[in-house]
2 protein chains.
Amino acid sequence: MRLVISTCSAQYVGKLSAHLPEATRLLLVKADGSVSIHADDRAYKPLNWMSPPCSLNESKNESGEVLWTVTNKAGEQLIITLHEVHNDVSHELGVDPGLIKDGVESHLQELLAQHIDTFGPDWTLVRREFPTAIGPVDILCRDNKGATVAIEIKRRGDIDGVEQLTRYLELLNRDPLLKPVRGIFAAQEIKPQAKTLAQDRGIECLVIDYDALRGIADPSLRLF
Amino acid sequence: MRLVISTCSAQYVGKLSAHLPEATRLLLVKADGSVSIHADDRAYKPLNWMSPPCSLNESKNESGEVLWTVTNKAGEQLIITLHEVHNDVSHELGVDPGLIKDGVESHLQELLAQHIDTFGPDWTLVRREFPTAIGPVDILCRDNKGATVAIEIKRRGDIDGVEQLTRYLELLNRDPLLKPVRGIFAAQEIKPQAKTLAQDRGIECLVIDYDALRGIADPSLRLF
DNA sequence: TGATATATCTCGAGT
DNA sequence: ACTCGAGGTATATCA
């Protein structure tokens, strides 16, 4: 990893054209070949960058300034002019073991499929990722009266999710073996707009407590 | 901007829970308060981070190791244990003038409005950003037979764009002065899903060659 | 490889 | 403050 603090300007030509006026910034060159230009704001996002695989060529322009030309296979280019270099250090970091995550949509779906009685007593799972022509329904199940229920699961429930479930329901209700199929929209948090739209379409909303569900699934995973 | 090279481990508890085993990494602290943990790969994306506004508290644990506790208003926490610090430098960068872009959706819209005959000979523009109760329609025009056409423009055409156009068409067709109004979905790239949905709803799809269009609009801008 | 859904999306504009 | 849309989205999964 190479860290360069430099007063620079830059030009990107690729998926779009973009230009960066002269200012002092951090140039970050990683071992994977990526180059990114960071200002002192915008959180972790660089002003401009080139993703790997790409190659960095260092040269000088007619004014004697250092020129970095970063090119990828698609011919996209990031050209950086280093007007002045204030610092230039390199460090060997080695391979990183990476991040271990917990608490994403697939976990929610798994947990809810395993504990289908979250929705009501005596409910039964038909299958997870039930296939349809326009994509898989997260969970298809039957309620205690044997009626078919399609469940769409999101971490954050917004209007898109309701639209998606609506499309599935329309399709599923064309199948005489399944119909009538009703819908449940389940999420850790449901936006008011989404709730309104769902109600308007006769779709039930369910807010899920992920921690509680995880606690039921495996008490050893409780945080407290 | 503060750059620290350190052998560290970290824990994030917030929108999800995540853990980072011990390894040597770059810790990047920006003037906006953000903290990010970079490995020597994964392009510009950090392994873990905290977005501003947040506050960084530096302390020591019982083993005498440096502990960074980064907290935001929502109570999300990123806790970094610095087992060993290899380098620690700070630089004042000042405010950045930012990136100037070209080739985004608004340009496409401008170009297509100027060259409405891209859609057919003798078409006429009614107006760009035609206002409706649920938002502006990108382009409203009339075809060579005087029939009203609503055009939705995207750089990448996915299912959301078709939904959006569908809502506009429903609304516009309630206006006796305009109806019948048909729709065209125009994008540089149209996803198969979106194409299928559009066809199902009687919406025409049109793939646009941005460079060609720009070439027509201003030959001096041609790349070749 | 291509298509699809997710993301601690991020970021900016508009209300 | 919040919502909505766009992104050089990037990234992972699955066919």
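In what follows, every chain begins at residue 1, and chains take the letters A, B, ... in the order their sequences are listed. Side chains are part of it too, since the values below use all heavy atoms of this structure and drop only hydrogens, waters and symmetry mates.
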**OP:** Using a cut-off of strictly less than 4.0 Å, decide whether A:Lys15 has a side-chain nitrogen or oxygen near OP1 or OP2 of D:dG7.
**Re:** no

**OP:** Answer yes or no: does a side-chain N or O of A:Ser51 lie under 4.0 Å from OP1 or OP2 of D:dG8?
**Re:** no

Original post:
Any Lys/Arg nitrogen of A:Arg174 or A:Glu170 sitting under 4.0 Å from an Asp/Glu carboxylate oxygen of the other?
Top reply: yes

**OP:** Verify the contact: side-chain N or O of B:Lys191 to OP1 or OP2 of C:dT4, cut-off strictly under 4.0 Å; return yes or no.
**Re:** no

**OP:** Grab the CD-P distance between A:Glu76 and D:dA10 for me, whole Å please.
**Re:** 9 Å

**OP:** Kindly give the heavy-atom pair with the smallest separation between B:Ser9 and B:His83, and that separation in Å.
**Re:** OG-NE2, 2.9 Å

Subject >> A:Phe130 CZ - D:dC14 P separation (whole Å) >> reply: 18 Å

**OP:** Rounded off to whole Å, could you give me the CG-to-P distance for the A:Asp32 and D:dT11 pair?
**Re:** 9 Å

Original post:
For atom C1', what is the distance between C:dA7 and D:dG7, given to the nearest Å?
Top reply: 13 Å

Subject >> Phosphate OP1/OP2 of D:dT11: any B:Lys45 side-chain N/O under 4.0 Å >> reply: no

Original post:
Roughly, in whole Å, what's the span from CG in A:Asn48 to P in C:dT10?
Top reply: 19 Å

Original post:
Is A:Met50 touching bases, backbone alone, or none of the nucleic acid, heavy atoms closer than 4.0 Å?
Top reply: base

**OP:** Sort out for me which residue in A:His19, A:Gln77, A:Glu76 forms a side-chain hydrogen bond (donor to acceptor under 3.5 Å, both in side chains) with A:Tyr12.
**Re:** A:Glu76

Subject >> Given DNA chain D, 5'-ward residue of the pair B:Arg42 and A:Tyr12, judged by closest heavy atom >> reply: A:Tyr12

Subject >> Heavy-atom closest contact (B:Leu27 atom, B:Ser6 atom, distance) >> reply: CD1-CB, 4.3 Å

**OP:** With heavy atoms under 4.0 Å as the rule, sort A:Leu99 into base, sugar-phosphate or nothing.
**Re:** base

Original post:
How close or far is atom C1' of C:dA5 from atom CG of A:Leu165, stated in whole angstroms?
Top reply: 16 Å

Original post:
Given that both pair distances must be under 3.5 Å and the pair must be Watson-Crick or G-U, what runs of three or more consecutive pairs involve DNA chain C?
Top reply: C:1-7 with D:9-15, C:9-15 with D:1-7

Original post:
Do any N or O atoms from the side chain of A:Asn173 and from the backbone of A:Val181 form a donor-acceptor pair under 3.5 angstrom?
Top reply: yes

Original post:
Does OP1 or OP2 of C:dA5 have a side-chain N or O of B:Gln193 closer than 4.0 Å?
Top reply: yes

**OP:** Take B:Ala43 and B:Gln164, find for each the nucleotide of DNA chain D with the closest heavy atom, and name the residue whose nucleotide sits nearer the 5' end.
**Re:** B:Gln164

Subject >> Under 3.5 Å side-chain donor-acceptor pair for B:Lys45 and B:His38 >> reply: no

**OP:** Find the distance B:Lys154:NZ to D:dA6:C1' and express it as a whole number of Å.
**Re:** 8 Å

Subject >> Spacing between B:Leu197 atom CG and C:dA5 atom C1', to the nearest angstrom >> reply: 16 Å

**OP:** Before accepting this row, confirm whether a basic side-chain N of the pair A:Glu152/A:Arg201 lies closer than 4.0 Å to the acidic partner's carboxylate O.
**Re:** no

Original post:
Ring-on-base stacking between B:Trp49 and C:dT8, under 5.5 Å between centres and under 30° between planes: is it there?
Top reply: yes

Original post:
Which pair of non-hydrogen atoms, one from B:Leu171 and one from B:Ile134, has the smallest distance, and what is that distance?
Top reply: CD2-CG1, 3.8 Å

Original post:
In whole angstroms, how far is the C1' atom of C:dC11 from the NE2 atom of A:His38?
Top reply: 15 Å

